[in-house]
Amino acid sequence: MRKNDKIMLGIILGIALIFGMYFYFSKKEGSYAVVKVDGQIYGQYSLKEERTIEIPSKDDNYNRLVITGGYADIEEASCPDKLCVHQKKIQKSGETLVCLPNKVIVEIKSEEKSSLDGIAN
Amino acid sequence: MAKKMSIYGMLVATAFLFSYLESLIPIPIPIPGIKLGLANLVTLLSLYILGEKGAFIIMIARILLSGFTFSGMATILYSLAGGILSFFLMALSKRKNWFSIIGISIIGGVFHNVGQICMAAVVLKNTAIFYYFGFLLIAGCVTGCLIGIVGKTIYKRLPKNLTI
Ligand SMILES: [Zn+2]
C-alpha cells in the first residue's frame, strides 16, 4: 500500500468511527416501533405489548411483524430477497428493520423522542 | 478481435459466478446487494486489463445478468447505484494515479456500499437506514482491502500480452 492509500483508509475509518459513536451514544432503550410503508406511517406499536401485525404493501405484498419480549422482528414476508426476515430482532432506538422490495421500514423510537416528535408535529 | 471477445466472455462469466457464490452467503444487513464484493475483483482486474470502457461494459453485463437470474428487478436498481458510483471513483482514482491497486479496490468496496445505502434511503424516503452507514464503511474497507490484495497478486501473474 502507498502512503495515499493509508491516508484515505484513515479518513474513511475516521468517518465510520464518528458515525458509529454518534449512533452508539444516542442509542436508548426503545419503547415503540414505527412502521412506515412507502414513506407513510402505517402504525405505531408499543414494544411492551405482545402482538403480531400484518403490514400490507402494494400488489398484495405483506410483511408480518411480531413484537414479543420487548423486541420487534419480521418473521415472514412476501418479498423475493427475505433480507428483512434474516435481519436480527431489534430493540434499541434508531435500529431498523427494512424490506426494500415492499418499501417497508420498522424503526424503533424511544419515549423521550416521541414527546419531541409530538411537539414538532 | 476474437481474443478480445474471449477475454470479455471469460471476465463476465467469472463475475457472474462470483455473484452467484455471493448470493448464497446471507449477510444480516437489510440492503440488497451488500455483499463481500467478490464480483468487484473482476471489475478491478478489468479496469487494469481492458481499461475504463471495457471494465464498465463487463460490470453492467454482470449486474444485469446476475440481477435477472438471482435477485430480480428491484435489486438491480441498488446494484447499479452502487456499481456505477464505485466504478466512477475507481476509474477516476486510477486515471489520476491517486492510489495503488489496493487503494482503488478499497474505494470500490466503500463507495459500492455508499451508493446502495443512498439509493435505499431514496426508495424508502427515510434516512433511518443510515444507522448502518458506519458499519458499511468499515465493511467496504475490509472487503475492498482483501479484494485488492487478491487482485494485485493475480494481476502480477497475468501474462503481459493479455492487456489490450
Ligand atoms: Zn423483505
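In what follows, chains are A, B, ... by sequence order, proteins preceding strands, each numbered from 1. Below, all heavy atoms of this structure are taken into account, side chains as well, without hydrogens, waters or symmetry copies.
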- Any chance CZ of B/F88 has more than 12 other-residue heavy atoms, nucleotides or ligands included, within less than 6.0 Å? no
- Query: If contact means a heavy atom pair closer than 4.5 Å, which residues of residues 93-104 of chain B contact chain A?
  - Reply: B/N97, B/W98, B/F99, B/S100, B/I102, B/G103
- Item | Which portion of A/Q40 sits near chain B, non-hydrogen atoms under 4.5 angstrom | neither
- Query: So what's closer than 4.5 Å to chain B heavy atoms on A/K6: side chain, backbone, both or neither?
  - Reply: neither
- Message: Would you say that more than 12 heavy atoms from the other residues, nucleotides or ligands in this model lie under 6.0 Å from the OH of A/Y62, or not?
- Response: yes
- Query: Are A/V34 and A/I105 close enough that some pair of their side-chain heavy atoms sits under 4.5 Å apart?
  - Reply: no
- B/L17 with B/L64, same ILVMFWY side-chain cluster at under 4.5 Å: no
- Can we call the ring centroids of B/F130 and B/F133 under 6.0 Å apart? yes
- Query: Same cluster or not: are B/V122 and B/Y131 linked, directly or through other Ile, Leu, Val, Met, Phe, Trp or Tyr residues, by side-chain heavy atoms under 4.5 angstrom apart?
  - Reply: no
- Message: Is B/V110 close to chain A through its backbone or its side chain, or both, or neither, when contacts mean heavy atoms under 4.5 Å?
- Response: side chain
- Message: Show every salt bridge (charged side-chain N to carboxylate O under 4.0 Å, His left out) that has at least one partner inside residues 115-126 of chain B, sequence neighbours left out.
- Response: A/D38-B/K125
- Message: Restricting to side chain to side chain donor-acceptor pair (under 3.5 Å), what partner residues turn up for A/T68, sequence neighbours left out?
- Response: A/E50
- Pairwise side-chain contact, A/T52 with A/R64, heavy-atom cut-off 4.5 Å (strictly under): yes
- Message: Could you tell me if the side chain of A/V85 sits less than 4.5 Å from the side chain of A/N63, heavy atoms only?
- Response: no
- Task: Report, by ascending residue number, the residues of residues 9-25 of chain A in heavy-atom contact with chain B at a distance under 4.5 Å; give 'none' if the set is empty.
- Result: A/L9, A/I12, A/L13, A/I15, A/A16, A/F19, A/F23
- Message: With a 4.5 angstrom heavy-atom cut-off, is it the side chain or the backbone of B/I106 that approaches chain A, or both, or neither?
- Response: side chain
- Task: For residues B/L124 and A/V98, determine if any side-chain heavy atom of one lies less than 4.5 Å from a side-chain heavy atom of the other.
- Result: yes
- Are A/K103 and A/K36 close enough that some pair of their side-chain heavy atoms sits under 4.5 Å apart? no
- Applying a strict 4.5 Å limit to non-hydrogen atoms, the region of A/V104 in contact with chain B is backbone
